Amino acid sequence: MKTFKKILFWCLIGFALIQFITTDKVNEPVDHKANFIEVKKTPQKIATLIKGACYDCHSNETVYPKYAYVAPISWSVKSHVNEGREHLNFSVWGTYNEYLKKSMLEKSIQTIQNKTMPMPGYIVYHDKANLSDAERALLIKYFDEMLTSKQY
């Protein structure tokens, strides 16, 4: 029993200490002249879906939930946000070249169809990201129309 208490004590000390290892949660300013929703004049229904399901990881408008301030969970959340922004950042859409825009739209369609995005682990804590099949179809149609018309 003594050993268990020592282990528990040191685990609690370690947990307390790692709280001092913080992650940067400051979002870059959004230039509305480059932001996807404004640039594409996205219809309100589509904009709501994209903001609810995509923007937390794929824009500079991330809203960090309370659990994102507790290490080591905060490290994982920040890593996912950084990775999401590397693959697609809606806040800087206007700065991408035509090839990247086309590629990102194709990849978006694919991940929505395969239900790999939004990530299943994210959906558990974010109801707005839990898209119905009809909402997924709406997003796919919107992105596909952009591809077809070559209006990226």
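Predicted model, so just to flag it, every value in this text is computed and none were measured.
- Annotation: the span from E83 atom CD to M119 atom CE amounts to 7.5 Å, rounded to 0.5 Å.
- Heavy-atom minimum distance, H126 versus P65: NE2-CG, 4.2 Å.
- Under the rule for a side-chain hydrogen bond (donor to acceptor under 3.5 Å, both in side chains), the partners of K51 that lie at least two apart in sequence or sit in another chain are E61.
- Among pairs with a residue in residues 13-36, those fulfilling ring pair (Phe, Tyr, Trp, His ring centres under 6.0 Å) read F36-F90, F36-W93, at least two apart in sequence or across chains.
- Proximity of C54 to M117: side-chain heavy atoms (C-beta onward) are nowhere separated by under 4.5 Å.
- Going from atom CG of L105 over to atom CE of M146 covers 4.5 Å, rounded to the nearest 0.5 Å.
- Exactly one residue among N89, N27, D31 makes a side-chain hydrogen bond (donor to acceptor under 3.5 Å, both in side chains) with N60. That residue is N89.
- Shown here are the side-chain hydrogen bond (donor to acceptor under 3.5 Å, both in side chains) partners of E98, two or more places apart in sequence or in another chain: there are none.
- Looking at E145 and Q151, their side chains never come closer than 4.5 Å, going by heavy atoms from C-beta outward.
- If you take CD1 on I112 and CG on D144, they are separated by 11.0 Å, rounding to the nearest 0.5 Å.
- Both Y96 and Y142 are part of a single hydrophobic cluster, where members link through side-chain heavy atoms under 4.5 Å apart.
- Using a 4.0 Å cut-off between charged nitrogen and carboxylate oxygen, K115 and D133 count as a salt-bridge pair.
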Audit row: K107, H87, side-chain contact (heavy atoms from CB on, under 4.5 Å) steps and yes/no: CA-CA 9 Å; K107 185 71 172 173; H87 290 284; over 6 Å; no
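- The 12-atom threshold is not exceeded at NZ of K102, counting heavy atoms of other residues, nucleotides or ligands nearer than 6.0 Å.
- Between the CG atom in L8 and the CD1 atom in I13 there is a gap of 10.5 Å [rounded to 0.5 Å].
- For the residue pair S103 and K101, no side-chain donor N or O sits within less than 3.5 Å of a side-chain acceptor on the partner.
- R85 and S59 share no donor-acceptor pair across their side chains, judged by distance under 3.5 Å alone.
- Of the inter-residue distances, the one linking D56 atom CG with T62 atom OG1 reads 5.5 Å to the nearest 0.5 angstrom.
- Side chains of Y122 and N130: a donor-acceptor N/O pair is absent below 3.5 angstrom, by distance only.
- For NZ of K45, the number of neighbouring non-hydrogen atoms (other residues, nucleotides, ligands) closer than 6.0 Å is 12 at most.
- The closest donor-acceptor contact from the side chain of N97 to the backbone of L100 lies under 3.5 Å.
- Between the side chain of K25 and the backbone N or O of A68, at least one donor-acceptor pair lies under 3.5 Å.
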Worked check of side-chain contact (heavy atoms from CB on, under 4.5 Å) between L147 and I109: CA-CA 10 Å; L147 286 169; I109 290 170; 3.6 Å; yes
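- The hydrophobic cluster containing M104 also contains V92, counting ILVMFWY residues as joined when their side-chain heavy atoms lie under 4.5 angstrom apart, directly or transitively.
- Across L131 and P118, no two heavy atoms sit closer than the pair CD1-CD, 4.2 Å.
- Checked options I50, T148, L138, I46; the residue passing with F143 is I50 (criterion: side chain to side chain contact (heavy atoms under 4.5 Å, CB included)).
- No donor-acceptor pair under 3.5 Å is formed between the side chain of Q19 and the backbone N or O of A16.
- Through direct or indirect side-chain contacts shorter than 4.5 Å among Ile, Leu, Val, Met, Phe, Trp and Tyr, V81 is connected to Y64, Y67, Y69, I73, V77, V124, Y125.
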side-chain contact (heavy atoms from CB on, under 4.5 Å) between V39 and Y152, intermediate numbers included: CA-CA 10 Å; V39 169; Y152 330 120; over 6 Å; no
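- Evaluation of the side-chain hydrogen bond (donor to acceptor under 3.5 Å, both in side chains) rule for R136 yields no partner, not counting sequence neighbours.
- Across all non-hydrogen atoms, the minimal contact from V30 to S91 is CG2-OG, 3.9 Å.
- Between the side chains of T48 and Q44, at least one donor N or O lies within less than 3.5 Å of an accepting N or O.
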Worked verdict on I18 versus W75 for side-chain contact (heavy atoms from CB on, under 4.5 Å): CA-CA 10 Å; I18 66 172; W75 307 335; 4.0 Å; yes
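- The shortest non-hydrogen separation linking T42 to A47 is CG2-N, 3.6 Å.
- The hydrophobic cluster of V26 has no other members, since no ILVMFWY side-chain heavy atom comes under 4.5 Å of it.
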